[in-house]
Chemist: 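Got a structure for you, written out below as structure tokens; questions coming shortly.
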Amino acid sequence: MAKQRTQRRVVVTAGPTHEHVDPVRYLGNESSGKMGFEIARAARRRGDEVVLVAGPVHLPTPAGVTRVDVVSARDMLRATRAAFDEADALFMAAAVADWRPRRRLAGKWRAKDAGADSAVLELVRNPDILASLGRRKGERLVVGFALETGGGLRRAQGKLERKRADYVVLNDASALGADRSSVTILGRDGSRLRLEKRTKRAIAGHLVRLEKPV
Ligand code: CTP
């Protein structure tokens, strides 16, 4: 007889966050959202109930997935925390901005009007969503991502420990916007799985089958 699996409730974050300076300008990043959307799709196909918390991206919502659109890191924290309260697993694929402008101006930033050749934008730290939810995960599965440009394994291992994730998926800047990526999945139990030049869809298929390390 086929083994019965209870339906998991899964939260996936995807895409960049936008941190507004004024009504028309923001700090953002190159994240396409593809990896997170593929994870949401793969989890749904596996039979999970899925909430996808999406930063500003133009990607179609995978069939059967509940999508919550957000803009900033603080919006993403609120939406992800609420969804994670009801969930069994979190895949934190979003490229959350680490910093935001101290103030969001109500009108356009007019720094050049006084003839200045330089201007200073003061930034403050955003909350770390993965670290904050990793601390309170209990028996729930938490998977984070690390995009590194050098010293990848060491830095990814540091994030795994600091943010109390069960796994961290290490990739590099060639993954940005691409359909294929090479990743190393680092586990809290010391496991390492290398996947070379796979489609994001194939990588997502691996990720949604990860079991919580004992
Ligand atoms: N992350 C998060 N909240 C943040 C920043 C990052 O939840 N404010 C999550 C990302 O979704 C990802 C993981 O943390 O799963 C790693 O993000 P990254 O920005 O690479 O880590 P940092 O610790 O911010 O390191 P770096 O200085 O290399 O950017």
Side-chain angles (χ1 to χ4, degrees), residues 10-20 26-40 42-43 50-57 59 68-85 87 89-102 123-137 140-177 181-188 193 200 203-204 206-208 210 212:
V10 169
V11 184
V12 184
T13 68
T17 63
H18 287 180
E19 309 297 328
H20 276 84
Y26 57 79
L27 302 176
N29 62 66
E30 292 288 346
S31 169
S32 66
K34 282 182 189 167
M35 190 69 242
F37 275 62
E38 288 293 358
I39 296 168
V50 184
V51 176
L52 172 60
V53 180
V57 291
L59 290 173
V68 181
D69 285 312
V70 297
V71 176
S72 69
R74 287 190 295 174
D75 299 340
M76 185 172 279
L77 173 63
R78 271 190 291 275
T80 307
R81 190 166 45 199
F84 190 55
D85 278 348
L90 170 66
F91 293 87
M92 202 60 222
V96 185
D98 289 322
W99 301 92
R100 68 173 183 275
R102 179 176 291 283
L123 303 177
V124 294
R125 280 291 289 274
N126 265 331
D128 190 315
I129 303 169
L130 177 58
S132 123
L133 299 183
R135 269 197 297 277
R136 61 164 92 165
K137 67 182 186 306
R140 294 172 291 180
L141 177 73
V142 169
V143 180
F145 282 72
L147 187 111
E148 305 294 355
T149 50
L153 278 172
R154 187 180 45 81
R155 294 179 61 88
Q157 181 66 32
K159 283 176 194 175
L160 180 77
E161 289 163 19
R162 226 173 28 251
K163 304 196 186 201
R164 312 234 180 127
D166 293 304
Y167 296 93
V168 162
V169 183
L170 167 65
N171 53 23
D172 62 44
S174 68
L176 285 168
S181 172
S182 297
V183 302
T184 305
I185 305 170
L186 293 79
R188 186 163 52 77
L193 177 66
K200 289 186 176 174
I203 294 168
H206 272 274
L207 296 179
V208 298
L210 289 173
K212 187 153 175 99

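Every number for a ligand or one of its atoms is a count from 1 in the order of the listing. Quick caveat: nothing in here was measured; it's all calculated off a predicted structure. As a basis for the values below, the full set of heavy atoms in this structure was taken, side chains included, without hydrogen atoms, waters or symmetry mates. We're numbering straight along the sequence, starting at 1.
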Chemist: Under a 4.0 angstrom heavy-atom cut-off, which atoms of ligand 1 come close to I129?
Modeler: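 Here the atoms of ligand 1 in question are 2 (C), 3 (N), 7 (O).
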
Chemist: Under 4.0 Å from any heavy atom of M92, which atoms of ligand 1 are there?
Modeler: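 Under 4.0 Å from M92, ligand 1 has these atoms: 7 (O), 11 (O), 12 (C), 15 (O).
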
Chemist: Side-chain contact test, heavy atoms from C-beta onward, threshold under 4.5 Å: evaluate it for V57 versus P16 and give yes or no.
Modeler: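 V57 vs P16: side chains touch.
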
Chemist: Please check if the side chain of D166 supplies one atom and the backbone of V143 the other of a donor-acceptor pair under 3.5 Å.
Modeler: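 Side chain of D166 to backbone of V143, a donor-acceptor pair under 3.5 Å: no, none is there.
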
Chemist: For a 4.5 angstrom cut-off between non-hydrogen side-chain atoms, does L90 reach K137?
Modeler: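 Of all side-chain heavy-atom pairs linking K137 with L90, none is under 4.5 Å.
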
Chemist: Evaluate the side-chain proximity of Y167 to L193: yes if any heavy-atom separation is below 4.5 Å, no if none is.
Modeler: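 A side-chain contact under 4.5 Å is absent here.
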
Chemist: What atoms in ligand 1 come closer than 4.0 Å to a heavy atom of L130?
Modeler: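 Per the distance check, 2 (C), 7 (O), 9 (C), 13 (C), 14 (O), 15 (O).
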
Chemist: Of the protein's non-hydrogen atoms, which lies at the shortest distance from atom 20 (O) of ligand 1, and what is that distance?
Modeler: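 For atom 20 (O) of ligand 1, the nearest protein heavy atom is K159 NZ, 2.7 Å.
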
Chemist: Thinking salt bridges, do K200 and E38 make one under a 4.0 Å N-O criterion?
Modeler: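 No salt bridge links K200 with E38.
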
Chemist: For atom 23 (O) of ligand 1, grab the closest protein heavy atom and report residue, atom and distance to one decimal in Å.
Modeler: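 Answer, as residue, atom name and distance: K163 NZ, 3.1 Å.
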
Chemist: Between N126 and ligand 1, does any nitrogen or oxygen pair lie at a separation below 3.5 Å?
Modeler: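 In this structure, N126 places no N or O atom under 3.5 Å from an N or O of ligand 1.
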
Chemist: Would you say ligand 1 has an N or O under 3.5 Å from any N or O of A93?
Modeler: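 No, there is no polar N/O contact under 3.5 Å.
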
Chemist: Would you mind telling me which of K159, K163, R162, R135 makes a side chain to side chain donor-acceptor pair (under 3.5 Å) with D128?
Modeler: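 Of the listed options, the one satisfying the test is K163.
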
Chemist: Kindly say whether V53 contributes a backbone atom to a donor-acceptor pair with the side chain of T13 at under 3.5 angstrom?
Modeler: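 No, T13 side chain to V53 backbone: no donor-acceptor pair under 3.5 Å.
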
Chemist: Contact between ligand 1 and R155 is defined here as a heavy atom of the residue under 4.0 Å from a ligand atom; is it met?
Modeler: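 Contact check R155 vs ligand 1: positive.
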
Chemist: Among all the protein's non-hydrogen atoms, which is closest to atom 5 (C) of ligand 1, and how far away is it?
Modeler: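 Protein heavy atom with the smallest distance to atom 5 (C) of ligand 1: D98 OD1, 3.2 Å.
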
Chemist: Could you tell me, atom by atom, which parts of ligand 1 come under 4.0 Å of a heavy atom of R162?
Modeler: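 Those qualifying, in numeric order: 23 (O).
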
Chemist: I want to know if ligand 1 touches F145 in the polar sense, i.e. an N/O pair below 3.5 angstrom.
Modeler: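 Min N/O separation from ligand 1 is below 3.5 Å for F145.
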
Chemist: Taking distance alone, with N or O pairs closer than 3.5 Å, would you say P127 contacts ligand 1?
Modeler: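 Between P127 and ligand 1, an N or O pair is found under 3.5 Å apart.
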
Chemist: Check for a donor-acceptor pair, side chain of N29 on one end and backbone N or O of A95 on the other, with a separation under 3.5 Å.
Modeler: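 Yes; judged by distance alone, with no hydrogens or angles, the pair exists.
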
Chemist: For G144, counting its heavy atoms only, list the atoms of ligand 1 lying under 4.0 Å from any of them.
Modeler: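 Listed by number with element, the hits are 15 (O).
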
Chemist: Any nitrogen or oxygen of A94, main chain or side chain, under 3.5 Å from a nitrogen or oxygen of ligand 1?
Modeler: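 Yes.
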
Chemist: Quick one: are R74 and E19 in side-chain contact, heavy atoms under 4.5 Å?
Modeler: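 The answer is no, as the side chains (C-beta and beyond) never meet within the 4.5 Å cut-off.
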
